[in-house]
There are 2 protein chains.
Amino acid sequence: MRRVLNATFCLIQALDRHHRLASEAEAELEMLSGPTEDYLSGDYMNAPGTPLRRLLVVAGWAAEQHTLPDGRKQLLRLALAGEVCGVVGPPSESRTQAVALTDVTVADLSKIAAMVRERHADPTLLAAWRTMEALRQASDLRHLVRLGSLSALERTGNLLLELYERSAFAGLTRGAAMRLPLTQVQLAEHLGLSTVHANRVIQQLRREGLIEAQSRQVVFRQLAALALSSCYELGTYPAAPPFQSPSQVRA
Amino acid sequence: MRRVLNATFCLIQALDRHHRLASEAEAELEMLSGPTEDYLSGDYMNAPGTPLRRLLVVAGWAAEQHTLPDGRKQLLRLALAGEVCGVVGPPSESRTQAVALTDVTVADLSKIAAMVRERHADPTLLAAWRTMEALRQASDLRHLVRLGSLSALERTGNLLLELYERSAFAGLTRGAAMRLPLTQVQLAEHLGLSTVHANRVIQQLRREGLIEAQSRQVVFRQLAALALSSCYELGTYPAAPPFQSPSQVRA
DNA sequence: CGGGTCGTTGAGGTCAGTCAAACAGAGTGG
DNA sequence: CCACTCTGTTTGACTGACCTCAACGACCCG
């Protein structure tokens with residue numbers, strides 16, 4: 001019971017950050033939000049063969065993963081707390097799965113997504129939902145640029161900065177510090193690098209004094225310098241969250 | 001006047017392929033579709049600083065292009081006739097522009113997009129629109145996999161095959177032949193390769209007897225073999241168009 | 001203690017980028 | 001008609017970024 005409340009609350013929080021919700025919208029969300037599900041790091045979160053559901057990440061990190069016939073894996077989109085995981089087009093190829101990158105708690109948004117699609121939702125909810133999707137799309141495009149045009153070093157710094165801004169938006173940073181519970185293997189799979197090379201790149205960022213990285217946490221030492229050398233435009237992401245109530249307490 | 005009709009007709013055709021339109025939907029489209037615009041190869045199609053409009057490509061090829069501070073360019077999404085160009089998230093960074101890859105005729109879909117967003121549209125139109133957007137998203141993800149996980153050779157073959165299926169869907173192929181009016185420079189910018197290497201890769205595909213490429217046209221000699229060696233899953237794209245009236249006459 | 005994952009390091013190979021130059025075709029102007 | 005330019009393709013030689021293979025250390029947990 002506690003969990004259901006948490007999911008609803010987290011969802012309202014997340015959407016409200018994108019667009020101020022009317023109380024009617026909050027009521028709708030409370031009615032429709034289902035129970036949460038827990039997964040362990042590495043678990044697949046969709047039944048094999050079924051199309052991906054839309055899952056709100058309540059706590060932890062998740063991603064969509066594409067597996068090639070020969071076993072190569074590509075992490076397509078990372079989703080941190082407050083973001084949505086598991087939206088793909090209709091081909092819904094069986095090679096694409098939603099996977100838990102850490103131990104994770106998620107909530108199924110299928111019903112809400114359907115409601116939004118059918119337009120039976122509060123206008124403020126629609127607006128928030130749309131903004132959220134637009135941001136996700138922008139994030140996709142940024143990653144296309146990363147993979148297509150940037151060197152390994154730029155790519156890595158660039159991604160870290162985006163994750164930092166997204167974390168900040170979700171109220172998950174403290175100063176220049178950000179939790180980053182991903183393994184280097186996972187980072188490499190997202191960045192299109194070998195794990196060995198990803199490791200070396202991270203070390204170089206450290207050596208150059210741009211970041212400190214240790215025990216699932218990254219501290220940015222020179223944000224502006226890193227942004228410059230990584231071709232990242234700071235401030236692109238909607239800035240600081242409007243205001244954060246003492247909410248985001250860890251479950 | 002002739003042109004306006006063409007744009008409307010092309011739009012109806014394109015949407016109808018995704019989801020059978022009711023006649024009410026067609027009426028709505030006829031009311032809202034604006035005049036077409038012509039651009040020359042290389043032109044930017046949005047006024048600088050303004051957010052990208054949604055443009056239906058009536059004839060020719062277009063793309064969204066991201067330019068890095070140091071001048072590197074990345075073609076994000078290709079749009080061929082019947083597809084939409086110019087959708088990006090709200091950051092709408094000034095570095096992203098809609099560009100004509102060939103001489104091109106487009107129609108502004110802003111009004112229709114707004115109508116769809118506000119839900120004042122026929123249900124079949126909404127469904128068609130949604131399917132179209134989903135396909136575009138799926139295409140984005142495929143390209144992420146290409147750039148992140150595939151070698152230059154696989155990447156190129158894979159892209160060609162996707163373009164082939166998309167062309168076929170739009171009724172623009174004849175047998176195993178497809179028009180491909182892109183320069184190798186443009187292909188390279190989309191594939192994240194140098195033009196020199198893109199050229200060598202294309203030659204290798206030719207040498208291996210997988211394709212014939214010449215004068216803006218590609219002929220696939222061994223579709224299945226190419227798909228296998230390029231990690232492309234044939235048939236992922238909605239198959240042949242329902243039926244093509246003698247419509248797609250070149251303007 | 002053994003076995004697991006994760007991070008780290010070294011040596012060597014290869015894929016793909018850079019630089020440079022030459023060639024082909026289309027359009028232009030004399 | 002022939003230079004002439006411009007864009008696009010092609011080729012060669014060289015360089016370097018990144019990958020592969022392999023092994024090792026740190027840490028956690030049973």
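Residue numbers begin at 1 in each chain, while the letters A, B, ... track the order of the sequences.
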J.: Using whole Å, what does the distance between atom C1' of nucleotide dC6(C) and atom CG of L101(A) come to?
T.: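 In whole Å, dC6(C) C1' lies 15 Å from L101(A) CG.
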
J.: Should R206(B) be listed as having a side-chain N or O under 4.0 Å from OP1 or OP2 of dT10(D)?
T.: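 Looking at the OP1 and OP2 atoms of dT10(D), one of them is under 4.0 Å from a side-chain N or O of R206(B).
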
J.: Kindly point out which of dA16(C), dT9(D), dC18(D) is positioned nearest to the side chain of S151(B)?
T.: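 It is dA16(C).
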
J.: Where the side chain of N158(A) meets the backbone of S230(A), is there a donor-acceptor pair that is under 3.5 Å apart?
T.: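 Yes; at least one donor-acceptor contact below 3.5 Å.
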
J.: Please report the distance, rounded to the nearest Å, between CD in Q186(A) and C1' in dG7(C).
T.: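 Value for this atom pair: 14 Å.
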
J.: Please determine which of E154(A), E162(A), R146(A), E165(A) meets the side-chain hydrogen bond (donor to acceptor under 3.5 Å, both in side chains) test together with Y232(A).
T.: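 The passing option is E165(A).
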
J.: Classify the nucleic acid contact of R155(A) as base, sugar-phosphate or nothing, counting any heavy atom under 4.0 Å across all strands shown.
T.: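 If one applies the 4.0 Å heavy-atom cut-off, R155(A) turns out to touch nothing in the nucleic acid.
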
J.: For dT10(D), does either OP1 or OP2 sit under 4.0 Å from a side-chain N or O belonging to R207(B)?
T.: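 So the side-chain polar atoms of R207(B) never come under 4.0 Å of the phosphate oxygens OP1 or OP2 of dT10(D).
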
J.: Run the salt-bridge test on E83(B) and R77(B) with the 4.0 Å N-O cut-off and return the result as yes or no.
T.: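 Salt bridge absent between E83(B) and R77(B).
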
J.: Among side-chain atoms of T102(B) and R216(B), is any donor-acceptor pair under 3.5 angstrom?
T.: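 Not at all, the side chains of T102(B) and R216(B) share no donor-acceptor pair under 3.5 Å.
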
J.: Roughly, in whole Å, what's the span from CD in E189(B) to C1' in dT7(D)?
T.: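 Atom-to-atom, E189(B) to dT7(D), this comes out as 14 Å.
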
J.: When you measure from every atom of DNA chain C, which of residues 192-202 of chain A have a heavy atom less than 4.0 Å away?
T.: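 Hits under 4.0 Å, by residue number: V196(A), N199(A), R200(A).
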
J.: Quickly work out the R72(A) CZ to dC19(D) C1' distance and round it to whole Å.
T.: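 Between C1' of dC19(D) and CZ of R72(A): 12 Å.
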
J.: Would you indicate, yes or no, if dT10(D) has its OP1 or OP2 atom less than 4.0 angstrom from a side-chain nitrogen or oxygen of Q184(B)?
T.: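 Result: yes.
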
J.: State, to 0.1 Å, how close Q65(A) and K73(A) come at their nearest heavy-atom pair, and which atoms those are.
T.: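 That closest heavy-atom pairing would be NE2-CD, 3.1 Å.
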
